[in-house]
Amino acid sequence: MEQAKKQILLDKRYLRMAHIWAENSYCKRRQVGALLVKNKMIISDGYNGTPSGFENNCEDEFYKSKPYVLHAEANAISKIARTNNSSEGATMYVTSSPCIECAKLIIQAGIARVVFDESYRVNDGVELLEKAGITVDKVVDLND
């Protein structure tokens, strides 16, 4: 099997796993999952939610996200920061395209590639990643 086809199959598998990981989120409006992969190994994971030690409710009484809710990408990056691993050159698989705040973290973490399948409501995060020279790939169909 040629390398490009193999990579597409891997991308789809890791994205499906990110979707399963998103199920850990207590957020009602949107559940997002992220995996950091390096050398075909998952080195970190994250999903959107409140910081450790906080209640698990992501939305307030008006169904608006609380300002301290962490995005899945931020959780995965902060988690790896607490280990001896490095995200330098890694690929981030995330169920939704990154917002601009997460894009900044991705750039600073040295992540080389971002793969997603659902587009966020604004595209400025993807534009910033591309401007920084990070490869951004959208997977259209997760089945196969």
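Here the structure is a predicted model, which means the values were calculated and not measured.
When each of L35, I80, V37 is checked for a side chain to side chain contact (heavy atoms under 4.5 Å, CB included) with I43, only I80 meets the rule. Considering D11, D137, D117 in turn, D11 is the only one that fulfils the side chain to side chain donor-acceptor pair (under 3.5 Å) rule with Y93.
Interatomic distance, CG of L128 versus CD of E101, reported as 9.5 Å (0.5 Å rounding). How far OG1 of T135 is from CD1 of I111: 12.5 Å, rounded to the nearest 0.5 Å. The NZ atom of K66 lies 5.0 Å from the CG atom of N57; values are rounded to the nearest 0.5 Å. Distance CZ/R82 to OG/S44: 11.0 Å, rounded to 0.5 Å. Put simply, OG on S97 and OH on Y120 are 8.5 Å apart, with the number rounded to the nearest 0.5 Å. To the nearest 0.5 Å, the span separating CE on M92 from CD1 on I77 amounts to 4.0 Å.
In the hydrophobic clustering of ILVMFWY residues, with side-chain heavy atoms under 4.5 Å counting as a link, V126 and I134 come out together. Taken together through direct or relayed side-chain contacts under 4.5 Å among Ile, Leu, Val, Met, Phe, Trp and Tyr, V136 and I107 form part of one hydrophobic cluster. In the hydrophobic cluster analysis, where Ile, Leu, Val, Met, Phe, Trp and Tyr join through side-chain heavy atoms closer than 4.5 angstrom, I42 is grouped together with L142. Residues I106 and I100 share a hydrophobic cluster, clusters being chains of Ile/Leu/Val/Met/Phe/Trp/Tyr side chains in contact below 4.5 Å. I8 and L15 fall into different hydrophobic clusters, where Ile, Leu, Val, Met, Phe, Trp and Tyr residues are linked whenever their side-chain heavy atoms come under 4.5 Å apart, directly or through other members.
Closest approach of A109 to S87, counting heavy atoms only: O-OG, 2.7 Å. Residues P98 and A103 approach most closely at CB-N, 4.3 Å, considering heavy atoms. Heavy-atom minimum distance, A76 versus L36: O-CD1, 4.1 Å. Contact between N56 and T50 at its shortest, heavy atoms only, is CA-OG1, 4.0 Å. Heavy-atom minimum distance, K28 versus E59: N-OE2, 3.0 Å. Contact record, Q31 with T95: O-OG1, 4.1 Å, taken as the closest heavy-atom pair.
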Side chain to side chain contact (heavy atoms under 4.5 Å, CB included) assessment of E73 paired with L105: CA-CA 8 Å; E73 304 94 320; L105 293 173; over 6 Å; no

Take N85 and K38, measure what side chain to side chain contact (heavy atoms under 4.5 Å, CB included) needs, and give me the verdict at the end. CA-CA 10 Å; N85 283 327; K38 190 172 178 179; over 6 Å; no

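At a threshold of 4.5 Å between non-hydrogen side-chain atoms, the residues P51 and L70 count as touching. With contacts defined as side-chain heavy-atom distances shorter than 4.5 Å, the pair R29/C58 does not qualify. A 4.5 Å side-chain heavy-atom check between V32 and E118 finds every atom pair outside the cut-off. With contacts defined as side-chain heavy-atom distances shorter than 4.5 Å, the pair T91/Y14 does not qualify.
For the residue pair N75/Y47, the side-chain donor-acceptor check at 3.5 Å is not satisfied. In the model, S119 has a side-chain atom that pairs as donor or acceptor with a side-chain atom of K138 under 3.5 Å.
Counting only distance, with no hydrogens or angles, the side chain of K12 and the backbone of D141 share a donor-acceptor pair below 3.5 Å. Panel note: side chain N48, backbone R30; a donor-acceptor pair is recorded below 3.5 Å.
When the shell of 6.0 Å around CD of E130 is examined, it contains more than 12 heavy atoms from other residues, nucleotides or ligands. More than 12 heavy atoms of other residues, nucleotides or ligands shown are found within 6.0 angstrom of CG on D60.
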